[in-house]
**Student:** 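Sharing a structure with you now.
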Amino acid sequence: MATAQSQPGSSPESGSSPAPDWIRAKPLRHPGRTIWAVVIVVGLALFIYGAATNPAYDWSTYLQYLFDQRFWQAAGITLLLTVLAMALGVVLGVALAVMRLTPNRIMQSVSWVYVWIFRGTPVYVQLVFWGLFSTIYPHLQFGIPFFHSFFSVETASFAENVFWLAVIGLSLNEAAYMAEIVRGGIQSVDEGQSEAATALGMSRAMALRLVILPQAMRSIIPPTGNEVISMLKTTSLVTAVPYTYDLYARARDLSVETFNPVPMLLIASTWYLAFTSVLMVGQHYLERHFAKGASKVMSDRQLQALADAEQIHASQDNR
Amino acid sequence: MNAMVDARNVYKKFGALEVLRGITLNVQPGEVTCIIGPSGSGKSTFLRCINHLEQIDAGRLYVDGELVGYVERDNVLHEMPLRKAARQRRDIGMVFQRFNLFPHVTALDNITMSMVHVKKAPKEQARTRGLELLEMVGLSSKAHAYPAQMSGGQLQRVAIARALAMDPKLMLFDEPTSALDPELVGEVLEVMKDLAERGMTMVVVTHEMGFAREVADSLVFVDRGVAVEAGVPAQVLDSPAHERTKTFLSKVV
């Protein structure tokens, strides 16, 4: 054993050995890639040429209406619907996920049944139901059942607030999906984490907030980004309530008004696409934030710092 | 003076499986007790019972004179309210085989998190104490590193510092070096030895017989859910009284 031992500090003695002959190999050729690139570029060019010259697209009308006040107002409403429905959906979804994971059987069942119903029926149908809410329940009474009513609300007034019915309809449906996403995220966190938190004297709620959820976020955010984008487009179904001030409804209205549907649909699509693009950028930054500590991979700056430290080490050894 | 840990005929079942079958064990304040035994013998389960990560099914277990996990009124045991159990655990530090550091925060934040949120210490004070503890385990330079960027030995030293941050009166170690590369075991044992010299009461489940011999005040051999033999480490290791201890030791040493 002792004989096999080399001298201490047998690391490359930068002083004596010459610098290595760094490899500069010829890169591998990929002819297939070039061929595919040409095929795709040509196909794309043909499509763009076709679209530009096809009179059905009517680009002049498209440009004329693209930033029309009626469109950007509707776009704003669609965005507002998305933000509100998502916000409520996330909050309710987290609550449902936590309920599902408590040891309390009743809470578990409530959460399960909720998800079963709201995920199991089409959102379009749910929105129609919300539109009929005041027909189904003309008044809501608050008090002791069958005994005494403190006050009662006439729901006819709800029917006038179609916007909020749309928000409620969308968010309650979304909550069911978010509940599953959050539950999956929480369950993906190693059991040892909550154990360590418990051993430090944290309560369940504290462990969830400080230790479990921040780690669960990594697996929650990508599908949630998906949900936001999906929600943006699902808002086009609020016509079922019926609510008719969103982007898609506006595009239909203007189609009828101008007898020219194609550019109107193109404009609506452009707005939807613009919003989803912005959302994708936001998602990227969120993911980066919650990826903190997740990777062994060091940044170039960290690697440089390590290399510098090695240098200092080597020079000290040589002295 | 109360014993720090006083286990009397403790039983623990998982379903039909009896993992602990009447463990009786006593740890005095300032003492280091090492628990050895074959895998599946119940030694880790016993450790987890001490801070009520597992609830015992028979017998009594006291830490510093206080019943663990139950409240006894008029000779009837009641399950302990969660808040009270959490309060009990604050005084008992635990170090896990798999470290269980929080990967989403830095080494320093791992240490200060419970100080700030559980003990409600001011942030600045927690930070100062956190840096002190990191220095004690020899990792001042890693304060702002994330767990993924550290070696196993460093992780376990941070985990020890994290447990110490709550100023525990008792430290539990659940095979703290079993998940480490052999070359990294020494640095963790060094920190533990240092801690023992400072008078910390420790219960250590371990396979490191050298550490047990050198640092422990008493050594307990656990097999099939019972404490088969206990005594001064040198005596248990060199001249075990029981056949089962002899068999086990002949396999490990």
Side-chain angles (χ1 to χ4, degrees), chain A residues 1 5 8 98 102-104 185-186 188-221 286-310 312-313, chain B residues 47-48 50-54 81-107 109-120 141 144-151 155 158-159 162-168 170-172 174 179:
Chain A
M1 169 119 174
Q5 238 171 22
V98 171
T102 54
N104 185 332
I186 290 176
S188 74
V189 178
D190 181 49
E191 224 177 338
Q193 291 293 307
S194 61
E195 215 158 67
T198 308
L200 285 167
M202 292 189 198
S203 65
R204 281 175 53 91
M206 199 183 276
L208 190 71
R209 182 166 58 88
L210 296 174
V211 178
I212 310 298
L213 276 180
Q215 294 181 57
M217 287 309 264
R218 278 193 60 225
S219 38
I220 289 175
I221 286 174
L286 260 183
E287 277 180 26
R288 209 170 62 172
H289 174 77
F290 282 102
K292 264 196 293 188
S295 173
K296 271 187 208 284
V297 180
M298 291 189 246
S299 65
D300 285 345
R301 224 178 58 195
Q302 283 172 308
L303 287 171
Q304 185 61 52
L306 264 185
D308 291 347
E310 292 267 305
I312 294 166
H313 224 79
Chain B
L47 204 68
R48 294 161 57 82
I50 298 178
N51 71 348
H52 196 224
L53 282 179
E54 306 290 353
L82 298 179
R83 287 173 76 96
K84 191 155 186 245
R87 176 164 285 282
Q88 252 181 3
R89 289 194 192 99
R90 287 184 202 180
D91 296 331
I92 306 171
M94 179 137 187
V95 175
F96 300 88
Q97 181 178 357
R98 310 267 342 147
F99 326 130
N100 295 350
L101 282 185
F102 305 137
H104 61 299
V105 294
T106 61
D109 289 343
N110 260 282
I111 298 170
T112 56
M113 186 186 283
S114 57
M115 283 195 267
V116 173
H117 293 278
V118 180
K119 267 178 144 187
K120 313 283 179 209
S141 63
H144 301 292
Y146 284 94
Q149 299 166 342
M150 286 187 251
S151 74
L155 290 174
V158 174
R162 178 177 68 173
L164 290 174
M166 295 298 285
D167 290 319
L170 169 66
M171 283 284 285
L172 308 175
D174 188 4

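Residue numbering restarts at 1 for every chain, and letters A, B, ... go by the order of the sequence lines.
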**Student:** Give, for atom OG of A:Ser203 and atom CZ of B:Arg89, the distance between the pair rounded to the nearest 0.5 Å.
**Tutor:**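 The OG atom of A:Ser203 sits 11.0 Å away from the CZ atom of B:Arg89.
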
**Student:** For B:Leu172, is it the side chain, the backbone, both, or neither that has a heavy atom closer than 4.5 Å to a heavy atom of chain A?
**Tutor:**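 Neither; nothing under 4.5 Å.
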
**Student:** Nearest 0.5 Å please: distance from the CE atom of A:Met217 over to the NE2 atom of B:His104.
**Tutor:**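 Taking CE in A:Met217 and NE2 in B:His104, the distance rounds to 11.5 Å.
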
**Student:** Nearest 0.5 Å, what's the CZ-CG distance between B:Phe102 and A:Asp190?
**Tutor:**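 So the CZ of B:Phe102 and the CG of A:Asp190 are separated by 11.5 Å.
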
**Student:** Chain A: which of B:Lys119, B:Met166, B:His117, B:Arg90 shares the most heavy-atom pairs with it under 4.5 Å?
**Tutor:**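 Winner by heavy-atom pair count: B:His117.
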
**Student:** Checking heavy atoms, do the side chain of B:Arg48, its backbone, both or neither come under 4.5 Å from chain A?
**Tutor:**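 Interface part for B:Arg48: side chain.
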
**Student:** About how many Å separate CD of A:Glu191 and CZ of B:Arg98, when rounded to the nearest 0.5 Å?
**Tutor:**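 The distance works out to 14.0 Å.
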
**Student:** To the closest 0.5 Å, what do you measure between OG1 (A:Thr198) and CE (B:Met94)?
**Tutor:**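 Answer for the OG1-CE pair, A:Thr198 versus B:Met94, is 11.0 Å.
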
**Student:** Quick check for you: to the nearest 0.5 Å, what is the distance between B:Met113 atom CE and A:Leu210 atom CG?
**Tutor:**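 These two atoms lie 5.5 Å from each other.
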
**Student:** Keeping the roles fixed (side chain from B:Gln88, backbone from A:Gly201), state whether a donor-acceptor pair exists under 3.5 Å.
**Tutor:**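 The answer is no, because no donor-acceptor pair under 3.5 Å joins these two groups.
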
**Student:** With a 4.5 angstrom heavy-atom cut-off, is it the side chain or the backbone of B:Pro147 that approaches chain A, or both, or neither?
**Tutor:**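 Contact with chain A is absent: no heavy atom of B:Pro147 under 4.5 Å.
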
**Student:** What part of A:Met202 gets closer than 4.5 Å to chain B, counting heavy atoms only: side chain, backbone, both or neither?
**Tutor:**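 Both backbone and side chain.
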
**Student:** With chain A as the partner, which of B:Ala165, B:Ser114, B:Pro103, B:Ala159 has the greatest number of non-hydrogen pairs under 4.5 Å?
**Tutor:**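 If we count pairs closer than 4.5 Å to chain A, B:Pro103 comes out on top.
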
**Student:** Go through the atoms of B:Leu53 and report whether side chain, backbone, both or neither lie under 4.5 Å from a heavy atom of chain A.
**Tutor:**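 For B:Leu53, side-chain heavy atoms alone lie under 4.5 Å from chain A.
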
**Student:** Main chain of A:Gly192, side chain of B:Asn100: is a donor-acceptor contact present, judged purely on distance under 3.5 Å?
**Tutor:**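 Between the backbone of A:Gly192 and the side chain of B:Asn100 there is a qualifying donor-acceptor contact (under 3.5 Å).
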
